S.K.: 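Attaching a single structure in structure tokens format; questions to follow.
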There are 2 protein chains.
Amino acid sequence: MEEKTEEKILDAAKKIFIEKGLDGARMQEIANEAGINKALLHYYYRSKNQLFEAVYEQVFKEVLPKMYGLFMQETSLLDIIPQFFELHMEFLKRNPSIPLFILMEIKKVPDFMKRMMDKNQIDMLAVVKAKVAAAVDAGLIRSIKGEDLIINMLSLSVFQFAAAPMYQAVAGITEEEYFEIIDERKKSLAEFVINAIKK
Amino acid sequence: MEEKTEEKILDAAKKIFIEKGLDGARMQEIANEAGINKALLHYYYRSKNQLFEAVYEQVFKEVLPKMYGLFMQETSLLDIIPQFFELHMEFLKRNPSIPLFILMEIKKVPDFMKRMMDKNQIDMLAVVKAKVAAAVDAGLIRSIKGEDLIINMLSLSVFQFAAAPMYQAVAGITEEEYFEIIDERKKSLAEFVINAIKK
DNA sequence: GTCTATAAGCAGATAGAC
DNA sequence: GTCTATCTGCTTATAGAC
């Protein structure tokens, strides 16, 4: 069965907004991508801003669990780390523009973040903190704050993609070659982090 | 003596473009910031795009040396690392919007990066690589590629600022409180990296 | 060099037929 | 629900006086 119009619009908008941001995106371009005309966009979502918010909320809800999800497991912290880089970076390979998109747009509307965190009631950060604190207490790892560790891991993973165009230019390689490097990086980043915290 | 008009324009444009990006910035806003009118902008820089390029090139040339500069020193690698985070993050405290600005706009025009690297002939990356390779050979640190180490350090430093609005929202703190955290982070990040690579 | 006034084009949004 | 045609306002850019 065919995709419904409303979904087609949302998918097209998602693609274009993620690529170009709110300001850079054009309603005409979204309409083309969706295979319809501009008027229909406004029929389903009154304004460009409303369409954007629908997209942003969806993307955000998809991404957030990927950031914290793994830490919810029973597994030991040191086992989670390689898994984190493997899964997180595979996701980013499929969606390389998402990090900059989220960071840029959140900068414009900081309140959005608060609203989202309120909705997903759960304080996931607390779980991460507890997990890390437990590992520290058990003498498994050096003393480090949970929030610091997760920020460090996110930094190392996300920046690799945010800075991809820069890296490719400096190193003079194609996107394809870059993706091969990423695969090696998954492992070396896991090692890097483990060495940094292991006693 | 007063600032010349051309400089006033460039400074104003720098401020606005860095805050809002190429698409988000308005010529009127830049004119206001500079204390002149729109027509004059076009007198000095024919188009918005040309003005933007002038700004971007300047910002880029200011920032690049800060990324690599430290590694050019004679000092040992392990001494450079704390200095790197100290200087780099102090710079970012004064210019918190620059990282996202550079990353966003480079994504739109990847060629720019190549052109810039060609102009500044020097292959600074080679120097970093050599420095790291020397430290590895001397048995000072674990085996790691120079380019990986510098990317990791940049990641940890830059992301802290790129993700600041997000962090502030999650943690429910003000920008001021956030900056205090940054000061602690300078030290803990240096430790993190040193632990990661030290034998 | 600097200004005011205005042109020209574009993008978001709506009216109205089907 | 979906389209074509059109309106409205904004933004870049230019013309032309001083």
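Since we're looking at a predicted model, the values are computed, not measured. Just so we're on the same page: letters track the sequence lines, and every chain starts at 1.
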S.K.: Assess whether atom CZ of R46(B) is packed by more than 12 heavy atoms of other residues, nucleotides or ligands within 6.0 Å.
M.R.: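 Check fails, neighbour count at 12 or below.
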S.K.: Does OP1 or OP2 of dT14(C) have a side-chain N or O of R46(A) closer than 4.0 Å?
M.R.: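 Yes.
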S.K.: From C-beta outward on A39(A), which listed nucleotide comes closest to its side chain: dT14(C), dT4(C), dG12(C)?
M.R.: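 Among the listed nucleotides, the one closest to the side chain of A39(A) is dT14(C).
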S.K.: Tell me, please, which residues at least two apart from D11(B) pass side chain to side chain donor-acceptor pair (under 3.5 Å).
M.R.: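 Applying side chain to side chain donor-acceptor pair (under 3.5 Å) to D11(B) gives none.
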S.K.: Base, sugar-phosphate alone, or nothing: which one does Y44(B) contact when heavy atoms must sit under 4.0 Å apart?
M.R.: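 If one applies the 4.0 Å heavy-atom cut-off, Y44(B) turns out to touch the sugar-phosphate alone, with no base involved.
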S.K.: When all nucleic acid strands are considered with a 4.0 Å heavy-atom cut-off, which category describes I36(A): base, sugar-phosphate, or nothing?
M.R.: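 The residue I36(A) makes sugar-phosphate contact but no base contact.
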S.K.: Below 4.0 Å from chain A heavy atoms, what is the first contacting nucleotide of DNA chain D and what is the last?
M.R.: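 The contacted stretch runs from dG1(D) to dT4(D).
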S.K.: If a pair satisfies ring pair (Phe, Tyr, Trp, His ring centres under 6.0 Å) and one of its residues is in residues 173-199 of chain A, list it, with sequence neighbours excluded.
M.R.: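 Only Y167(A)-Y178(A) qualify under ring pair (Phe, Tyr, Trp, His ring centres under 6.0 Å).
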S.K.: By the 4.0 Å heavy-atom rule, please label A25(B) as base, sugar-phosphate, or nothing.
M.R.: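 The residue A25(B) makes sugar-phosphate contact but no base contact.
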S.K.: In whole angstrom, what separates N32(A)'s CG from dA11(C)'s C1'?
M.R.: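 Spelled out: CG on N32(A) to C1' on dA11(C) is 13 Å.
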S.K.: Not counting sequence neighbours, list each pair that qualifies as a ring pair (Phe, Tyr, Trp, His ring centres under 6.0 Å) and has a residue in residues 12-32 of chain B.
M.R.: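 Output for this query lists F17(B)-F52(B).
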S.K.: Only counting residues at least two apart or in another chain, list the ones meeting salt bridge (charged side-chain N to carboxylate O under 4.0 Å, His left out) with K145(A).
M.R.: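 Only E184(B) meet the salt bridge (charged side-chain N to carboxylate O under 4.0 Å, His left out) criterion with K145(A).
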S.K.: Apply side chain to side chain contact (heavy atoms under 4.5 Å, CB included) to K107(A) and list each qualifying residue two or more places apart in sequence or on a separate chain.
M.R.: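 Once residues adjacent in sequence are excluded, the partners of K107(A) under the side chain to side chain contact (heavy atoms under 4.5 Å, CB included) criterion are S97(B), L100(B), P165(B).
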